[in-house]
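The next block holds one structure in the form of structure tokens; read it before the comments.
Just so it is clear: chains get the letters A, B, ... in the order the sequence lines come, proteins before strands, and each one is counted from 1.
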Amino acid sequence: MYLILKQINKDEWWKADTPDEIIIGAILTQQTQWSNVEKAMRNLKREGMLSISRLADANLQSIERAIRPTGFYRQKATRLKEASERIMDNGGVKRVFSLPQKELYDILISLKGVGMETADSIALYGADKPTFVVDNYTWRVISRVYGREEPYDYGKIKEWVEGVTTRNAELYKEMHSYFVELGKSVCVKRDPICAQCPISRICSYGKANGSHSR
DNA sequence: CCCCAGGCGTCCA
DNA sequence: TGGACGCATGGG
């Protein structure tokens with residue numbers, strides 16, 4: 001586990017040249033590997049569309065073509081364009097990001113294609129608001145460590161973490177990157193092969209079926 | 001061939 | 001209100 005975590009630099013983990021790229025990346029990475037998002041971002045940059053203002057005015061088909069590698073590209077293209085238009089209507093990225101955390105969140109969550117995780121990701125990594133981001137990796141790690149069997153509930157996990165930590169954006173960026181990188185190495189199902197799992201020693205699944213006895 | 005990916009909106013019991 | 005489903009390309 002330490003070998004994985006020691007290589008993470010929270011300032012490099014979600015790197016972006018502009019705040020706009022955080023918004024674009026947050027939408028494109030939904031249910032998608034980051035390597036495919038990078039391809040799409042390169043395409044958008046090459047076409048001069050890697051900003052909220054340019055996306056708002058861009059041709060829908062050209063957006064679709066550029067972001068195809070991320071999958072769900074028709075949905076994402078429409079949502080990217082409409083979200084960009086809404087943000088421009090609200091004064092642009094800089095103004096929206098300068099709003100108080102709750103007002104920013106309310107705008108983000110009202111956008112089609114922006115749910116709780118995406119809104120929190122944008123607020124945290126784009127606007128430096130101290131909000132903890134939950135995702136499937138976070139849930140995968142927590143549910144195994146604490147032996148939770150109930151369905152994934154975003155709000156419950158978020159409230160629990162924020163209740164036992166100081167509300168600090170840099171801390172939450174670091175924690176999120178840890179959960180994601182750890183989660184990537186944790187089995188998806190109740191896989192009995194735990195030898196190389198970074199959390200095998202504290203995983204309730206392994207304890208239950210005895211595969212961690214060594 | 002299979003399963004999975006840094007979700008979300010919609011629909012239905 | 002929560003569980004299933006469609007969205008779709010790319011990688012292992």
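- Under 3.5 Å, the side chains of A/E181 and A/W13 contain a donor-acceptor pair of N or O atoms.
- Between A/L28 atom CG and B/dA5 atom P there is a gap of 18 Å when expressed in whole angstrom units.
- Along DNA chain C, the stretch of nucleotides lying under 4.0 Å from any heavy atom of chain A spans, 5' to 3', C/dG3 to C/dG11.
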| task | Report the C-alpha distance between A/K112 and A/E82 in whole Å, list the side-chain angles of each, state the deciding distance to 0.1 Å, and finish with yes or no for salt bridge (charged side-chain N to carboxylate O under 4.0 Å, His left out). | result | CA-CA 8 Å; A/K112 284 256 204 266; A/E82 291 184 359; over 6 Å; no
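- Spacing between atom CD1 of A/I23 and atom C1' of B/dG6 amounts to 17 Å, rounded to whole angstrom units.
- Taking atom P in both B/dC8 and C/dG10, one finds a spacing of 22 Å when rounded to whole Å.
- A/Q33 has its CD atom 8 Å from the P atom of B/dA5, to the nearest Å.
- Here A/Q31 reaches the OP1 or OP2 of B/dG7: one of its side-chain N or O atoms lies under 4.0 Å away.
- Checked by atom type, the side-chain pair A/R54/A/S84 shows no donor-acceptor distance below 3.5 Å.
- Distance OH (A/Y152) to C1' (B/dC8): 12 Å, rounded to an integer number of Å.
- Of the residues in residues 103-142 of chain A, not one places a heavy atom less than 4.0 Å from an atom of DNA chain C.
- Closest-nucleotide positions on DNA chain B for A/R79 and A/T29 were compared, and the one nearer the 5' end corresponds to A/T29.
- Aromatic pair A/Y172/A/F132: ring centres closer than 6.0 Å.
- Atom NZ of A/K184 sits in a crowded spot, with more than 12 heavy atoms from other residues, nucleotides or ligands closer than 6.0 Å.
- A/Y152 and A/S143 share no side-chain donor-acceptor pair at under 3.5 Å.
- No hydrogens or angles considered: a donor-acceptor pair under 3.5 Å links the side chains of A/K76 and A/T32.
- A donor-acceptor contact shorter than 3.5 Å is absent between the side chain of A/K10 and the backbone of A/K173.
- Judged purely by distance below 3.5 Å, without hydrogens or angles, the side chains of A/T118 and A/Q30 pair a donor atom with an acceptor atom.
- Counted by atom type alone, A/D120 and A/T131 present one or more donor-acceptor pairs between their side chains at under 3.5 Å.
- A salt bridge links A/E85 with A/K81: the closest approach of a Lys/Arg side-chain nitrogen to an acidic carboxylate oxygen falls below 4.0 angstrom.
- For the C1' atom pair drawn from B/dG6 and C/dG3, the interatomic distance equals 23 Å after rounding to whole Å.
- Residue-nucleotide stacking is present for A/W13 and B/dG6, judged by a side-chain ring centre under 5.5 Å from the six-membered base ring centre and planes under 30° apart.
- Listed by residue number, the members of residues 50-77 of chain A with any heavy atom below 4.0 angstrom from DNA chain B are A/F72, A/Q75.
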